[in-house]
Novice: 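The structure's right below; bear with me while I get my questions together.
Since we're looking at a predicted model, the values are computed, not measured. As the structure lists them, so they are numbered: ligands from 1, and atoms in each ligand from 1.
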Amino acid sequence: MGTRAPGRLQSRRPRVEVVVLPSAEDIAREAAGRIERRVRTNPEITLGLATGSTPEPLYEELGRRHRENGLSFAQARAFLLDEYVGLDPEHPEAYRNVILKEFVSLVDIPPSAVRSLDGNAPDLPGECVQFEKDIRAAGGVDVQILGIGSDGHIAFNEPTSALTSRTRVEVLAPQTREDNARFFSSLDEVPIHALTQGLGTIMEADEILLIATGSQKAAAVARFVEGPITAMCP
Ligand code: F6R
């Protein structure tokens, strides 16, 4: 939201628009329409991609618009929000694999244009620093897609994360591991650590589309829309 200033990484006063729609499909169409307008205006767009269940209908809708309306991501690039630490890179729940399956395979963005965080890097803090550099070198993220955790987390910035935080290693909250256990064969299989873009990193995106669906997200949404801005509800 808002016009890009020269140097879109500079901080601006954010303008927040809350759109309430009856179904996940309506939300997917609304979000896809906003992304489509940006892509058609700027085919070299830089997207920020979230994983999880919430954006799946959006990615399917973008895939449909690619197939049926010629919406092209061939010149786009993308940055992922986060990645588990220590998960086998071939694991279907590694976030790079999730995005390849749920978005990249549906459109024409080259997989090489999608920068994910390497949760098996020998130097994890170094990987986070390099990731930040790569976002800057790309000129920043134009449109960041976000979900929200039932505990209010954004990416894997769990409650108490600093609002100015940067990409780093984060310990997952017990609630988040329980929520995500549905993607694994057991809770024990859910990694304890993740790499995540920081809140400060995410807030530098030119536009953020945060999507929340389902009654299990109602409390978190109420806290972030109506409550004070605090590190307990990033
Ligand atoms: C995923 C991510 C997380 C999810 C959140 C909601 O990349 O950053 O913050 O957006 O955990 O997950 P779902 O959509 O599965 O409810």
Novice: Working note: Asn42 + Asp142, criterion side-chain contact (heavy atoms from CB on, under 4.5 Å); need CA distance, chi angles, decisive distance, verdict.
Specialist: CA-CA 10 Å; Asn42 172 22; Asp142 293 299; 3.9 Å; yes
Novice: Classify the angle between the aromatic ring planes of Phe79 and Phe131 as parallel (below 30°), tilted (30 to 60°) or perpendicular (above 60°).
Specialist: perpendicular
Novice: Just to confirm my output: which protein heavy-atom neighbour is closest to atom 9 (O) of ligand 1, and how far is it?
Specialist: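 The answer is Ala155 O, 2.7 Å.
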Novice: Specify the protein heavy atom at minimum distance from atom 11 (O) of ligand 1: its residue, its atom name, and the distance to 0.1 Å.
Specialist: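 Going by distance alone, atom 11 (O) of ligand 1 is nearest to His153 NE2, 2.7 Å.
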Novice: Output, in order, the C-alpha distance, side-chain angles, deciding distance and verdict of salt bridge (charged side-chain N to carboxylate O under 4.0 Å, His left out) for Arg166 and Glu132.
Specialist: CA-CA 8 Å; Arg166 311 304 305 187; Glu132 291 267 345; 2.9 Å; yes
Novice: Has ligand 1 got any nitrogen or oxygen that is less than 3.5 angstrom from a nitrogen or oxygen of Tyr95?
Specialist: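 No, no N or O pair falls under 3.5 Å.
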Novice: Taking the six-membered ring for Trp and the single ring otherwise, decide whether the centroids of Phe184 and Tyr84 are under 6.0 Å apart.
Specialist: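 Phe184 vs Tyr84: aromatic centres under 6.0 Å.
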Novice: For ligand 1, does Glu158 get within less than 4.0 Å through its side chain, its backbone, both, or neither, judged by non-hydrogen atoms?
Specialist: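 Within the 4.0 Å criterion, Glu158 makes no contact with ligand 1.
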Novice: Measure from atom 14 (O) of ligand 1 to every heavy atom in Ile154, Thr54, Leu49 and give the option owning the shortest one.
Specialist: Thr54
Novice: In terms of hydrophobic clusters joined by side-chain contacts under 4.5 Å, are Leu187 and Leu172 together?
Specialist: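 Linked within one cluster.
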Novice: Considering only heavy atoms of Gly52, which atoms of ligand 1 have at least one such atom less than 4.0 Å away?
Specialist: 14 (O), 15 (O)
Novice: So that I can tick it off, tell me whether Glu30 and Arg34 are bridged by a salt bridge, with the cut-off set at under 4.0 angstrom between side-chain N and carboxylate O.
Specialist: yes
Novice: To which protein heavy atom is atom 6 (C) of ligand 1 closest, and what is the distance rounded to 0.1 Å?
Specialist: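 Scanning the protein heavy atoms, the shortest distance from atom 6 (C) of ligand 1 goes to Ile148 O, 3.4 Å.
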Novice: Please list, in number order, the atoms of ligand 1 under 4.0 Å from a heavy atom of Leu81.
Specialist: 8 (O)
Novice: What protein heavy atom sits nearest atom 1 (C) of ligand 1, and how far off is it?
Specialist: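 Checked against all protein heavy atoms, atom 1 (C) of ligand 1 sits closest to Thr51 OG1, 3.2 Å.
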Novice: Salt-bridge test for Arg96 and Glu83: reply yes if a basic N is under 4.0 Å from a carboxylate O, no otherwise.
Specialist: no
Novice: With atom 2 (C) of ligand 1 as the reference point, say which of Ile145, Leu80, Asp82, Thr196 has the nearest heavy atom.
Specialist: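 Shortest heavy-atom distance from atom 2 (C) of ligand 1: Asp82.
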Novice: If you take the nearest heavy atom of each of Gly48, Ala50, Gly147, which one is closest to atom 10 (O) of ligand 1?
Specialist: Gly147
Novice: Are any of the heavy atoms in Gln216 under 4.0 Å away from ligand 1?
Specialist: no
Novice: Is Leu100 reachable from Leu87 through a run of I, L, V, M, F, W or Y residues, each pair having side-chain heavy atoms under 4.5 Å apart?
Specialist: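 Shared cluster, yes.
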Novice: In the protein, what heavy atom is nearest to atom 16 (O) of ligand 1, and what distance, to one decimal place, separates them?
Specialist: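 Answer, as residue, atom name and distance: Lys217 NZ, 2.6 Å.
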Novice: Does a donor on one side chain and an acceptor on the other come within less than 3.5 Å for Asn157 and Arg168?
Specialist: yes
